[in-house]
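The chain is numbered in sequence order, starting from 1.
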Amino acid sequence: MLGAGGPTQGSSSQLVTMSEWTKKSPLEWEDYVYKEVRVIASEKKEYKGWLLTTDPVSANIVLVNFLEDGSLSVTGIMGHSVQTVETVSEADPRVREQLAHLFTSADCKGYSPEDLEKRKNSLKKWLEKNHIPVTEQGDAQRTLCVAGVLTIDPPYAPENCSSSNEIILSRIQDLIQGHLSASQ
């Protein structure tokens, strides 16, 4: 458990306390993504599940549990109430794949992974040709990020863009539409 110097380091699990959890960076939280964790929140409430994501502003945690009837349970835990987070186990490739595609757009269902990769690479090259800074991000490098202010998710169409900057959003959507029209 906790000693005067912080959590003890176990060889098979990580234990993080509340103050440590909220002070972590998004890159550090990413170490917990797709892992089975045990979260103790305020009032000694315990939650266990697969960590899908952590909100970078509030440190809120989203856990997923697969139920016996084939459905799933999604639980949100407020970041300020997190007391400890402990890694229980790593995801096997099958669980990892399920979690990664849990909230994938229905638009993607008609595309093979190879087709999506080709669409992503084609769009990335098009944006770079138009002198638009673009990077790949996310665990599977499936999301394109434009200038750090706009994201494009599979299947990389104008409606898959997201940004709080309406001007950039509109311009990039127009570029993508032009690219799709030119490549058909």
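- For Y156 and W126, the gap between ring centers reaches or exceeds 6.0 Å.
- Within the 4.5 Å cutoff, the side chain of F66 has heavy atoms near those of the L99 side chain.
- Distance check: C161 SG to L175 CG gives 10.0 Å after rounding to the nearest 0.5 Å.
- A 4.5 Å side-chain heavy-atom check between H179 and L127 finds every atom pair outside the cut-off.
- Put simply, the side chain of N165 does not reach to within 4.5 Å of the side chain of L150, judged on heavy atoms.
- Linking Ile, Leu, Val, Met, Phe, Trp and Tyr residues whenever their side-chain heavy atoms come within less than 4.5 Å places W21 and Y34 in a single cluster.
- In the model, S71 has a side-chain atom that pairs as donor or acceptor with a side-chain atom of D69 under 3.5 Å.
- A continuous path of hydrophobic side-chain contacts links Y32 to V74 [ILVMFWY only; heavy atoms under 4.5 Å].
- When all heavy atoms are compared, the tightest approach of V88 to K48 is CG1-CE, 4.1 Å.
- To the nearest 0.5 Å, atoms OG (S42) and CD1 (I77) are separated by 10.5 Å.
- Under the 4.5 Å side-chain heavy-atom criterion for grouping Ile, Leu, Val, Met, Phe, Trp and Tyr, L72 is connected to L51 within one hydrophobic cluster.
- Minimum interatomic distance between P56 and W29 (heavy atoms only, all atoms of both residues): CA-CZ3, 3.6 Å.
- Going from atom CD of E20 over to atom CD of Q83 covers 12.0 Å, rounded to the nearest 0.5 Å.
- Looking only at distances, a side-chain donor or acceptor of D92 sits under 3.5 Å from a matching main-chain atom of R94.
- Side chain to side chain, E36 and S89 meet the donor-acceptor criterion of an N or O pair below 3.5 Å.
- Note that the CD1 atom of I61 and the CE atom of M78 stand 11.5 Å from one another [nearest 0.5 Å].
- By the criterion of side-chain heavy atoms lying less than 4.5 angstrom apart, applied directly or through intervening Ile, Leu, Val, Met, Phe, Trp or Tyr residues, I40 is not grouped with V85; the two fall into different hydrophobic clusters.
- In the hydrophobic cluster analysis, where Ile, Leu, Val, Met, Phe, Trp and Tyr join through side-chain heavy atoms closer than 4.5 angstrom, V146 is grouped together with V149.
- Between D153 atom CG and L116 atom CG the span is 11.0 Å, to the nearest 0.5 Å.
- At least one side-chain heavy atom of P158 sits less than 4.5 Å from a side-chain heavy atom of L180.
- I176 is not listed as a side-chain neighbour of N160, based on a closest heavy-atom distance of 4.5 Å or more.
- Counting only heavy atoms from C-beta outward, the side chains of V134 and E128 approach each other to under 4.5 Å.
- Using a 4.5 Å heavy-atom threshold, the side chains of L144 and E136 count as touching.
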Take K120 and E117 through the test salt bridge (Lys or Arg N to Asp or Glu O under 4.0 Å) and record every step on the way to the result. CA-CA 5 Å; K120 178 185 78 174; E117 187 68 21; 3.4 Å; yes

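- Interatomic distance, T54 OG1 to D31 CG, rounded to the nearest 0.5 Å: 10.5 Å.
- Counting non-hydrogen atoms of neighbouring residues, nucleotides and ligands closer than 6.0 angstrom, the CD1 atom of I167 reaches no more than 12 such neighbours.
- The two residues A41 and Y47 have their closest heavy-atom pair at CB-CE1, 3.9 Å.
- With hydrogens and angles left out, the side-chain atoms of T84 and E86 include no donor and acceptor closer than 3.5 Å.
- Side chain of R119 to backbone of P155: a donor-acceptor contact under 3.5 angstrom is found.
- Between the side chain of S181 and the backbone N or O of Q177 there is at least one donor-acceptor pair closer than 3.5 Å.
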